[in-house]
Structure formats: C-alpha cells, structure tokens
Amino acid sequence: MAMEKTFNAAEAESRLYDAWEKAGCFTAGANAKPGASTYCIMIPPPNVTGVLHMGHAFNNTLQDILIRWKRMQGFDTLWQPGTDHAGIATQMVVERKLAETQQPSRRELGREAFLEKVWEWKEQSGGTIVNQLKRLGASCDWDRTAFTMSGAPGAPEAERHGNFHDAVIKVFVDMYNKGLIYRGKRLVNWDPHFETAISDLEVENIEVAGHMWHFKYPLAGGETYTFVEKDEDGNVVLEEERDYISIATTRPETMLGDGAVAVHPSDERYAPIVGKLCEIPVGPKEHRRLIPIITDEYPDPDFGSGAVKITGAHDFNDYQVAKRGGIPMYRLMDTKGAMREDGAPYAEAAAIAMQAAKGEVSLSETEADAINLVPDDLRGLDRFEARSRVVDQITAEGLAVMVANPEAGAEGEPEFIPYVEKKPIMQPFGDRSKVVIEPMLTDQWFVDTDKIVGPALDAVRDGTVKILPESGEKTYYHWLENIEPWCISRQLWWGHQIPVWYGLNLSGEGYVDDENDGALDLVEMGRLLSSQSLLPGDELHHCAADFDSVVSKFKDDEAGLPVPLNHARVVEVADRAEALETLAASLAQYETTQDPTQLIYPVWRDPDVLDTWFSSGLWPIGTLGWPQETEALAKYFPTSTLVTGQDILFFWVARMMMMQLAVVDQIPFDTVYLHGLVRDAKGKKMSKSTGNVMDPLDIIDEYGADALRFSSAAMAALGGVLKLDMERIKGYRNFGTKIWNAVRFAEMNGVYEGGAPSAAIPEATATVNKWIIGETGKVRVAVDEALEGFRFNDAASALYAFVWGKVCDWYVEFSKPLLNSDDAAVQAETRATMGWVMDQCLTMLHPIMPFITEELWGETGARAKMLVHADWPSYGAELVDEAADRETNWVISLIEAIRSARSQMHVPAGLKLPMLVSELDEAGRAAWDRNEALILKLARIESLAEVDAFPKGCVSITVEGGSFGLPLADVIDVAEEKGRLEKALGKLEKEAGGLRGRLNNPNFVASAPEEVVEEARENLAAREDEIGRVKTALARLAEMEA
RNA sequence: GGGCGAUUGGCUCAGUGGUAGAGCACUCCGUUCACAUCGGAGGGGUCACUGGUUCGAAUCCAGUAUCGCCCA
C-alpha cells in the first residue's frame, strides 16, 4: 500500500460521512457501554429557512466535539437535531416565491391554501441547513430530526411523525388555565410591513442621521412664568418670562397623540407650572388640545430642555410614564404605519380627549384606543409624510423654537431659523422587513413572566444550572430580575394558531328584558345587535386544545342567557364579521320559525399564531415526545449541555428555563455554554453590506471540514472574541497534512505490517519510546481536563503541541535510528510504540478532526470498530517515566544547542562535524551512550572525542552537566561568536539577578512556599553554573583574539 | 445614560500570584529518502496608564484612557 502524500478531503468527506450514517454510528445510544450514563445535547434549532453560516458552523462544531468525545467514552449519547418553523421568515420566503413565480398572493390564496404552499416549500427546501450540517461532520441522530410545526393541522404525511404542535398547544392551554397567560393591550414592536408584532430579537437598532426639533407648547390661557436657568455654581445665566414650555422631539408626528408633558420632580425651572395645562401646538387651532404638565422620574433635566412630551401609545419610555401617571394613550397609526383614518372626525375626538385631560371623564383602554386624534387633513398619510407636515404647520404658526442663523446676512437668509439639531439617533428596524419599527398599542397575548421567573432564577443561583462563561450568569440575573411580560402573539398565518375562541358577549349591558318575561323579542334582539356590548374588544373568550373542547365552555356561558339564546348551538365561523352576520341571520330566522334548536351561537378562533420562540422554548421536552411519556424523554431529559450564542441568552435560554420549569418542573439542561458572534479576522461583524461574509461551505471546499473545525475549537476560548482568520484555517489544514505524513512515515517503516496496532499500552525499554508514551499520557489528561471545562482551545492547542511539537518534531526523528536498528527487538518495540502513539493521536484528535482521523484509522489496518466508536483512552500520568523524561529533555536540549551553534556559525547544514567534550557528569554520559545514534544523526555530528581542554577556536556548547565544543577554528568569526556569547551571558545575568534579588530578600524566603524558594535556588544555581561556562568560553575567545 | 467585557511581540490570541507564551507574519539557512501544506536557526514584548495590596502583580483591588458588545 502506498499512501497519497496528502489527504483528499473533498473525496473522502462524503464517503466517510455516508459510512458513519449507514452504520448508524450517530443513533441515540450508539457505542454506549452497558449501564452508561446519558449525555444529551439539543441542537439550537436553526431557522427552517436558514442556510449555514459561520455562526452555525462554529456552534455545531463545538457540539459535535462534545458529543463525539462522550460517545467514544461510552456514554449513552443523543444529539437531537431539528429546525424551527421561523414564522415571519418562512412566511416572507414563501410570499416572495409566490410573487416570483406569478402565483396568487397570500391574501388572494387565503389562509388554508397559503399554508399548503408553505408546507410544499418546507418539503422541498426546508432541509437545506440539515444537509449543510452534515458537510461539517455533525453527528446528530438525524432519524430524530424534529420540527416545531410537526403534527400541525394541514401538515403533509411526511410531517406527521412528530407531535410538536400538540405539545405547544397543550402548554398554551395549561398555562392559560393556570393563569400564566393573559390577553391585554400593551405596547409592542410593530412591523408595519408584515403587519405583525415582532420580538425584541427581530428588531435591529441602527444609528441613523436624525433630527431633533424644538417646539413651544404654549401654556393654557396665555399664562406666563419666570424661567430661570442656572449654571453648575448656581449663578443665574438666563431669566425670562415665558408663556410656553419648550419640548424637543425626534418624532413630531407623535405629538398628535401626546397625553402630557413631563418634567423631573427636582427640576426647579418648571416647578411654577407643574400641574397646569399646556397646548399641543398642532392641529386645527379651534380644537387645540390641552394636556397636563406632570412630574416623573424619567425626564433627564440635563437633556434638551428637560421637558418631555408623553406619547404613551408610540414610545416605550413614554408608555411607562403614562402607565405610572394614568395618562391616556392615543393610538395614531394603523397596522401599515399610516395615520389613522377610522373613527369620528377630529373635532369630536379632540373634544373627548379634552374632557379626559381636564379630568371630566376617564377613558378605559378600549375607549382611548377608539379615539382617533389625527387631524382630518393628516389622516391616511404615511407616518413620515405626516411628520414633515406637522413640522411645517408648527413652524408656520411660529411655534418652533428659533435660533440665530449662522448664515444671516447672506442673500435671502433670515436672521433667525427654527432650531433643528442634526444628530445621530438609534432607530429600530425590522430585521426581515428593513422598515422602521413602530411601537404600537395593540391587543396581544402575554406570558405573565413574573409568575414563572422565580424557579429559573433559583436554578442558576443555587448552581443547579451552570452558565459559562460566568459573566453570562450576571447577564442572566440582570435580565430575569427585570423581566417584562412576554408578548407571544403574532399576526401571521404560519405558526401555531392560538387555541382561543371568541364569542359575542350577549349578556352585556345592552340587553334589557322589557317584558321581564325571560324571553327575547324582536325589539330586544335589535337592541342587542347594535349595543355597546358588541364593540370589538369586549368579546367572551375561552381557551381549549380544540373546537370540540371549547364548545362546552361557551355552553356554560349560554346557560345564564334568556330563552331562547340559552339553547343556541355553538358553531365555528371564520371571524368576527361573519359571527355578527350569522347571529343576525339566525335570530331573524328564529323570528319566523320560533325553533330554538335552530338558533346558532357563532364563535371564531383567534387568527393569530404564537411567537416561534414560544415553541422553541419547549424544544427540550418537545423534541423528546412530551407530553407522551416516551422512552427518550425518560432517558435523556433533563439534557446535559446547551451550546449557543450569548445573543439568545434571553430570547431562548432563559425562556427554555422558565418554560421547562413551568411545564414539567425540571431544568432543561445542566450546563449552558455561551459563545459570541463569529467575526472576520479584524473583528468586524460579518455582513453582506460590508462584504466580509465567509461561507463555511467555501472554506470546507478549499481546506476541508477538519481545518474549519480545528479553527473553531482553537478560537473557542471561554468568553473570547471569535475572529476567523483564513491564514489560521490554512495552518490547521497544514496540521492535518502533518499528521497524515507522520502516519505515512509509520506506514513506510513497517509499523502497520502486522495489521492494526494493538490497543494495549506498549512495554518499552528504549528511552525515547518510554518518553513518548509518557507524553501521550500527559496529553490525554490535558485534553480531558480542557474538554471537561469546555476549554476547547486548550484541548486543541494541547493536541497541536503534542502531535506536531512532540510526536512529529522529535519522536519521529528519534525513531529513525531505532527503526533502522540491527536489533530486531528494538525495531519491533519502536514499531509497536509508534503504532500505538499514532493511534492515540488519531483517537484524541477525532472529536475535533473526524474525517482525516477516520480515514487514517481505516488506512492503517483492519479495525474492530470505526474510529468514531473507538474507545477513548483513560491512562494518565502513570505512563510518565521520570528518568526517561529527564533524559530525553537533556538530549533535546543538547541537540538544540548544537544546531543553534552550527547555524549561528554558518556551518553548512549538510556538513557533519566532529565534536569534543571536556566535561560530562554521570547522567550525561549515560544519556549520551543510550542515545548516541540519534544525537549524531539529528545534530549532524560525526564523532565525539574527550579532551582535557578545548583547542583554540572551539565553539562552546553548554548543557546541564556538560561542556561540548565544536572545533571550528577555520570558519569561526570571532567577533560574531563573542557577540553570541555576550548576549547569552547578558540574558543569564539578568535572570540570575532577579533570582538573587528574591533569595536575598528575607521576606521572600520566610513567606513564599517552600517549593517556590527551593525552585528559585535550583534555578539560580543552574544559571550561575552556566554563567561560569559562558565566561570560560569568552575567555578562550579572548585568547584567540590576542 | 445603564450593564458586561477587552487592552500582552507586526497581526490574531492564550496565559486566575512565582523566570512572559503560541500560531501566523518577518530574517537567515536548507531539493538529508514522512511531510516545501516542510525542516533548522533567529529577531521581536516596560503585558494601555496611574496608584494600591503582597516577599513577589500580566494576573488581585481602585481610578484613568481607549475600544467592543448588549440594553435604554
């Protein structure tokens, strides 16, 4: 067999991966020892629309390293794969595809037909990322591939194996029944393009060039006050009478919905006017709204004018202020982000708002929301168009704050201009839609996180769950201790439809039984249908897993209604409008038939779906078959390690903690390993617009998956920044070639002649064989310790240093004379040792570099098992032979000293030199004798002769316990040699000086640990010894000069 | 503004109190039969700054500066 010179990754990777898969190597429990403990990792489900990027590659490499390592150790392992259904992203992808192929749009298709299209797309394209993960070498149990929408109504046969959908619905119903989920009107991130609420995670805050306008809000009734501005020392810098309060805003269009102006309670400038009313300087003059000036801790007195307008329905900070102060929140925009066109004309709306501001009426949330305060001329405008109109109107009226014009005096330039600051502002954008996100007050479903956060906090506080790096725990506490309600509803079609049905509230105030006869007549029915109680927002609702289960709950409601309503059949209709029609028709029919059994009580299901994170929050139990008590659930839950990006600590990790604890009262995993974003070599985020995106598949094509994987491991320092450098990847590709050729060398030297090496630790007699066996023991301990502590970089560098720095640089070289030895026993021993050492390298490297190691494993003999299932070693420091260790290190230092001297004396590399020795202690003599052949070979020495004193022109080589010399009188450059020795002397003196200083300090000797003092003494002695020899050499050189 | 973190050779980074390290890059030498995707030798660092704790600080503490990330 003649091995190729390099590993052909492109050819081998798919072949090896297929072999693993075909043999079922990744199946849950594969290679488990009898009675083994379990080890389970849940993949962070990639988006079903996703394609593999560097973040996935890195994240999954770490998981694969762990799972392969544990699998080789004989644990009962499961790496659970799958994808999430990615509501908004998937809907967008499918809609785009419909548009591209000239098919009817989503709305034209309708919900059911559109969802069919989504499922079609999923069957065709949803497996992309799964296949890409295979190219990385990910050893997931693919037969178990999960999907957060599996088992949903409308899912094709192929998706019916899972029941994730039922699990999600069951959790919603259970949590609803426990009072952990409620419906409410709250401020959410609204995407005007997709017309849905989105999560914080889907919002990107980007700094953009913005403007800060300054406007005057006149005091009501022309009141005035003395405005006094002081500097830090309390000196008055400005004092004037004002009839207004100055407000700065970046969003003038939201002024229309202002409910108050707030100032800080400590702000003396505005103290005289707190509690008074001021006028919003926009809208028809005759209907100007007045709003109160209130105090709140939120305004920063040092920022802008110190006064803040409060628009509770369109700003998150203002929302909090408005809630605290009972300020009404007026919604100004529709779902598309345009100014509202609905409701009563402005004059009417403004009048109601006025009454509220004066405290004459108090508005419920629903009532406030029904009021449209957009002036008639601005209705229907896009929000940005409305902004510029508002600015123009205010400025035209002279209510903009004016400043001196720096251009004044120039042609056509006025003396004063409106005060508009150009400044960068952080603006929220939808990460999918790229439009500006609008904080919007809407009806949504929420998880009452306050009620379930406790156990999730406790589990980390008491150490049941460990988060790495530790700083992640701080962040976790910080977020959970200040947790906000979690909005879980989305106005999308693709997702788990909320299992709540609504019905019209027929028992409201509108119904009055005129005759008091307990029965409904026509007049009463008419009143019922038009009454206030049928306004949107006041419906009855019930929650249940399906329609059949919800019917009885509506029946219970009916029981309290008068005849004949209490007999009505509960029937599901599409929506609220259809329900009203159906009810009216049914009542009309009843009038003629008088048959109560024909009466229909229509109910409709909530059209919204659940946030994708609500379902992925159940990933650990959902993928294992919950709520069924499956074997997998019993075995692998709670799972072991979660490896994920620190950016989703809140959105996913914390939610999994809360939900698993809330639903099954168990932690989902015991360790969370968090890592950062993979960046480019300079530390920049990878982005399409910067053009610095690296595609992991391109990297795999060019350098092989192993190189990419090794790079991932090497940069995975706990808490470290991940900078991906192609040079580094190339270096690790080279590392693979290095191992390949080391094995090739072994193969060429008959190591595998007798078949695969024995798994038994070889019995060695030769020093270097004993030494490399000990080094192998040390590296196994180092690798396991590193992986146990999730220090992947330490594991990688320990293996790199061992394989390249010890095995290839030294052991292979040392072995050459032994493999060519005439002594058959020495040769056999060395072959056995080398075979074993190479096998250990392959075994320990396999979790990080599975492909090349598996290939070499197969190349070097028939094996009982593939490497993926080989036994992970457990030997350790007991393999270290101290004497062999010392001796080999001495040999290495001697060889290095000779090479160094040769190189610096410009001795031609190929030239063999004689060497002299003037003194050598007993250990040195023994070491020389036992290792002469390899020293001579590696240092290119032809002979060694003992002398009493070195001749003139002899280059000195000093090692522990010995002085060697190279007679180079004819080639020596005296000045150069003197420089070399002086430099060495200087370094030694510096070291010795430091050691002496410490040892002369009585405090050091008294306080430092014994072994530290002892070590310092030994070091000093060794330095002084060497200083002596270098000085001798320098003296000899001086003689030569003379 | 709040929180978290970083600052070590030209670059990218390890290094949790005891003689400053690695890889890459650089310089010189090398077609020695495992490997030029290689080998050998070498240069290069006041560990951001200022104080403090300690016998001893890159390492612990405080402050300063600069940078990054998250949140507002």
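The chains referred to below are lettered A, B, ... by the order of the sequence lines, with proteins before strands, and numbering in each begins at 1.
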Quiz item: Could you spell out the base pairing of RNA chain B in dot-bracket, with Watson-Crick or G-U pairs whose two distances are under 3.5 Å, [ ] crossing and | to another strand?
Solution: ((((((((.[[[[.)..(..]]]].(((((.......))))).....[[[[[..)....]]]]]))))))).
Exercise. Find the distance A:Ile729:CD1 to B:U12:P and express it as a whole number of Å.
Key: 16 Å
Practice problem: Specify whether A:Phe710 and A:Tyr800 have parallel, tilted or perpendicular ring planes, treating 30° as the upper limit for parallel and 60° as the lower limit for perpendicular. | Solution: tilted
Self-check item: Near-strand residues of residues 996-1005 of chain A, defined as heavy-atom separation under 4.0 angstrom from RNA chain B
Solution: A:Arg998, A:Asn1001, A:Asn1003, A:Phe1004
Exercise. Among B:C70, B:U37, B:C55, find the nucleotide with the atom closest to the side chain of A:Phe650.
Key: B:C70
Quiz prompt | A:Thr6 side-chain proximity, nearest of B:U37, B:U19, B:G40 | solution = B:U37
Quiz item: Which residue pairs pass the salt bridge (charged side-chain N to carboxylate O under 4.0 Å, His left out) test when at least one of the two sits in residues 708-722 of chain A, sequence neighbours left out?
Solution: A:Asp64-A:Arg709
Self-check item: Among B:U19, B:C55, B:G23, the one nearest A:Tyr800 by side-chain distance
Solution: B:G23
Practice problem: Would you mind building the protein contact string for nucleotides 26-35 of chain B? One character per nucleotide, 5' to 3', B for base within reach (heavy atoms under 4.0 Å), S for sugar-phosphate only, - for untouched. | Solution: ------B-BB
Quiz item: With distance as the sole criterion, is a donor-acceptor pair present between the side chains of A:Asn1001 and A:Arg998 under 3.5 Å?
Solution: no
Quiz prompt | Donor + acceptor pair across side chains of A:His675, A:Asn59 (<3.5 Å) | solution = yes
Quiz prompt | Most 5' of A:Tyr732 and A:Asn793 on RNA chain B, judged by nearest nucleotide | solution = A:Asn793
Quiz prompt | Selected nucleotide, minimal atom distance to A:Asp794 side chain, candidates B:G18, B:C38, B:A14 | solution = B:A14
Self-check item: B:G42 phosphate, OP1 or OP2, under 4.0 Å from A:Gln904 side-chain N/O
Solution: yes
Quiz item: Rounded to the Å, how far apart are A:Asp725 CG and B:C11 C1'?
Solution: 8 Å
Practice problem: Check whether any side-chain N or O of A:Glu438 sits under 3.5 Å from a backbone N or O of A:Trp190 as a donor-acceptor pair, and report yes or no. | Solution: no
Distance-only donor-acceptor pairs under 3.5 Å for side chains of residues 901-912 of chain A, two or more places apart:
unit_1	atom_1	unit_2	atom_2	d
A:Arg902	NH1	A:Leu911	O	3.1
A:Arg902	NH1	A:Ala939	O	3.3
A:Arg902	NH1	A:Arg940	O	2.8
A:Arg902	NH2	A:Pro908	O	3.1
A:Arg902	NH2	A:Ala909	O	3.3
A:Arg902	NH2	A:Leu911	O	2.6
A:Gln904	NE2	A:Ser900	OG	3.0
A:His906	NE2	A:Glu976	OE1	3.2
A:His906	NE2	A:Glu976	OE2	3.1

Exercise. Using only side-chain N and O atoms of A:Trp804, determine if any of them is under 4.0 Å from OP1 or OP2 of B:G39.
Key: yes
Report all interatomic pairs (protein N or O, nucleotide N or O of nucleotides 3-9 of chain B) with separations under 3.5 Å.
unit_1	atom_1	unit_2	atom_2	d
B:G5	OP1	A:Lys474	NZ	3.3

Quiz item: Ignoring hydrogens and angles, does a donor from either the side chain of A:Arg733 or the base of B:U37 sit under 3.5 Å from an acceptor on the other?
Solution: yes
